[in-house]
Structure formats: structure tokens, C-alpha cells
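All residue numbers in this chain count up from 1 along the given sequence. As the structure lists them, so they are numbered: ligands from 1, and atoms in each ligand from 1.
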Amino acid sequence: MHKNHTLSIVIPVYNESANIAALYDDLVGAIGDHVSEFIMINDGSTDNSGERIKELQARDKRVRIIDFTRNFGKEAATTAGLLEATGEAVIVLDGDGQHPARLLPQFIDKWHEGYEVVAGRRISNEKAGFVKNTGSALYHALIHFIHGQDAEPGDTDFRLLDRKVVTAFNELHDHNRMTRSLVNWLGFKQTYVDFKADPRTNGPAGYSLRKLTRLALDGLTTTSMRPLLFSSLFGAVAFMVGVLLGAFMIIEQFAFNDPLHLGFSGSAYLAVFILVMTSLMLMGQGIQGIYLANIYGEARNRPLYVVREITKPHGK
Ligand code: UDP
Ligand code: MG
């Protein structure tokens, strides 16, 4: 580890009064001399996390506090921290102690090796609970099914980002955001540090099942149009079946005078009529959805590309 680099630590804090001081001590113990600033975002905590981090600030001039007016969520807090950070590298980690500070020297070494993103990869988390584990396994399976590619399992927001990455990240305007997928979208040279998530030191996880479901749905609907295509496709198939069936019934009955003695009832015609109409509606909905998705894509206003650097010949 070299010393002459500026390093920022960003910590979103929501009701972590029982954890934050211990985390600070761990950080100081692990990489204290290398840190030029600790940015703690108080995301509308309802316990006394606010006072706790002010106590830390009184002890350590490097502590900077961003105090939100209310709870805006971890993604917003992380975004605010990254915008405020000035270091040549920025480390983002959870305030509950689940992202072990003792691994940070490894992150920094990888950064010095030339990696621009170093991500913590969780290998197991026995205490996460059945619902959450199953939920996250299902989520990854679903992502895999819908996108046809794998979202790295165990991917976390425990990350070191080079200044170049932070600058590019700050250009993203997405409102529905998931930090780790945005960082992945940016590209850059990335590597992993594996870790076993420590059990949460104190208090319950701030993400309720409802919040997680919401996040998962956002993750699905904001990244892919494939679900919309299913609706159109289903509509198109039903439409074809309906039209063929209807044509067959009419020709068989009226052009050939029912040679097969099928004697279709009035409700059979009605059923086919309804099938054709509903399939048209499904197709229409799918098409509307695709327009909507395109508008959404434009509204996010993401940069078209991300440049690492532009080089020119020396002496010009
Ligand atoms: N957090 C936040 N705002 C929220 C929820 C959580 O800033 O609305 C912070 C929380 O204090 C912690 C990190 O985000 O530092 C991760 O939260 P949590 O441990 O609840 O999530 P999990 O570990 O289950 O992903
Ligand atoms: Mg946690």
C-alpha cells in the first residue's frame, strides 16, 4: 500500500447507531492512515445515528456528514456520497459492519495493480435468512432467464472505485438506480475480492421484504424490454389461432353447408370473436409498452458511451 494517494470512504447510514462507531474503529485500524475523508450520509435515521456520527466528527476532522431531510434510501445516499467525495479512489461500504473493513488493504492493492473497480463478492451468508436467500436466488435465476446473461451472483455494493469511475458515475441521471448495476454498466477494468458477509452486528436489516421486491422489480423492468415482448407475442399467437379458427368455422358452415356435421352454436362464434378481440388488445398493449420503454430509455438520458481517457501524442 502506498501512502501518497487520497482515499475517500463513503458510508450510507440508516439507523446504525449501534454499529457506526465500531465500523469507524475497524476502518481506522485497517487503513486509517490512507484515508483522507470519511463521508457519512445520514439517510433520515430515526435513532440517534445522527449524534453518533457527530461525535465521530468531533474526534476526527476527516469526517464529513451529509444529513438528509428524511429517508431517501441507500441508493440515493450512496449517490450523494459519491458526488461529494474528492479522493483519487472512493470506497463504498455498508454502515452495519457486514462489509469487513479488514479486507480493504486487498482492495487498495488491487487498485494499485491497475484495476479501476474492485468489488466485494459475497460467497455465503448463512444468517441472511431463508426468505432473503431464496429471494436472491430466485432473482438471479429470473434475471438470467430474462436477459439471457448472468448477473454475477454475490455481487455487492462493497466497492472501491477509481476517480475515473466516480466521474463517469456522477454523469448518470437515472432515477431508479441500483449502484452496482450502474457501475457494471459503465464498464472499466474490474476485479473481485471474495468475502464472507459477517452477520449483522446489531439491529434488523433496513430492507424489508417489500423494499427488496420493489428493488428486484425495478431491476427487472428498468433493464429489459423482453417482458413487454412476451405480451405482444402472446397476443399475436392468440390472434392467429382465433382468425384461423373463425375462418374455418365460417367456411365449413356457410360455404360447404357443414359437411362435418359440427353444428357450431352461437356461443362458439362468440368465443372465437372474443378471442380475436382480446388478442388484438394484448398486442396493442405490448406495442404501447414498447413505445413507453423507448421513451423511458430516452428520459434516463444516459451518456451514449463512457471514455476512460483520451490520449494525444506527447509534445503537442
Ligand atoms: N441504508 C440507507 N438507507 C436505507 C436503508 C439502508 O442508507 O433506507 C444503509 C444502511 O444503513 C447500511 C446499508 O444501507 O449502511 C445497507 O443496508 P442494510 O444492511 O439494511 O441492507 P442489506 O445488508 O440487507 O443489503
Ligand atoms: Mg446489511
Side-chain angles (χ1 to χ4, degrees), residues 8-27 38-54 56 63-85 90-101 103-104 119-140 151-159 175-183 195-219:
S8 309
I9 307 273
V10 168
I11 312 172
V13 176
Y14 176 63
N15 294 351
E16 304 288 6
S17 64
N19 306 318
I20 193 69
L23 174 66
Y24 169 83
D25 290 341
D26 285 352
L27 285 167
F38 295 92
I39 299 177
M40 302 192 179
I41 305 93
N42 180 13
D43 182 18
S45 295
T46 50
D47 64 356
N48 51 8
S49 297
E51 283 93 87
R52 287 289 96 78
I53 56 184
K54 275 192 195 122
L56 293 175
V63 175
R64 304 200 358 233
I65 300 173
I66 300 176
D67 195 22
F68 279 3
T69 52
R70 63 170 172 84
N71 180 248
F72 284 95
K74 174 187 173 178
E75 303 301 328
T78 309
T79 302
L82 285 174
L83 195 61
E84 193 62 23
V90 183
I91 289 166
V92 182
L93 82 170
D94 282 1
D96 60 0
Q98 284 189 304
H99 294 162
L103 296 177
L104 288 176
R121 186 164 50 187
R122 197 174 46 216
I123 43 180
S124 82
N125 191 346
E126 303 96 317
K127 280 199 106 180
F130 175 75
V131 172
K132 211 163 165 185
N133 277 335
T134 322
S136 108
L138 277 177
Y139 177 58
H140 280 111
E152 190 75 38
D155 213 5
T156 63
D157 284 327
F158 184 20
R159 275 163 195 243
H175 272 254
N176 277 323
R177 47 175 55 215
M178 226 161 129
T179 310
R180 67 191 97 135
S181 49
L182 289 181
V183 171
F195 74 103
K196 241 193 166 123
D198 296 338
R200 236 189 119 80
T201 20
N202 278 294
Y207 273 116
S208 61
L209 191 60
R210 191 173 56 83
K211 257 191 184 170
L212 273 179
T213 316
R214 173 79 211 285
L215 203 66
L217 274 181
D218 277 354

For Glu16, atoms of ligand 1 separated by under 4.0 Å from a heavy atom
10 (C), 11 (O), 12 (C), 15 (O)
Distance, nearest 0.5 Å, that separates NZ of Lys54 from CD1 of Ile65:
6.5 Å
Side chain or backbone of Val13 under 4.0 Å from ligand 1, or both, or neither, by non-hydrogen atoms?
backbone
Against heavy atoms of Asn71, which atoms of ligand 1 measure under 4.0 Å?
3 (N), 4 (C), 8 (O)
Using the six-membered ring of Phe68, assess whether NZ or CZ of Arg70 lies under 6.0 Å from its centre and within 45 degrees of the ring axis.
no
Has Asp96 got an N/O/S atom less than 2.8 Å from the Mg ion (ligand 2)?
yes
Verify the distance criterion only: is there a donor paired with an acceptor across the side chains of Glu75 and Thr179 at less than 3.5 Å?
yes
I'd like to check which ligand 1 atoms, numbered from 1 as shown, lie under 4.0 Å from a non-hydrogen atom of Gly95.
12 (C), 15 (O)
Check the angle between the aromatic planes of His99 and Phe158 and answer parallel, tilted or perpendicular using the 30° and 60° thresholds.
parallel
Please identify which of these residues, Asn15, Thr78, Asn71, meets the side-chain contact (heavy atoms from CB on, under 4.5 Å) condition with Asp43.
Asn71
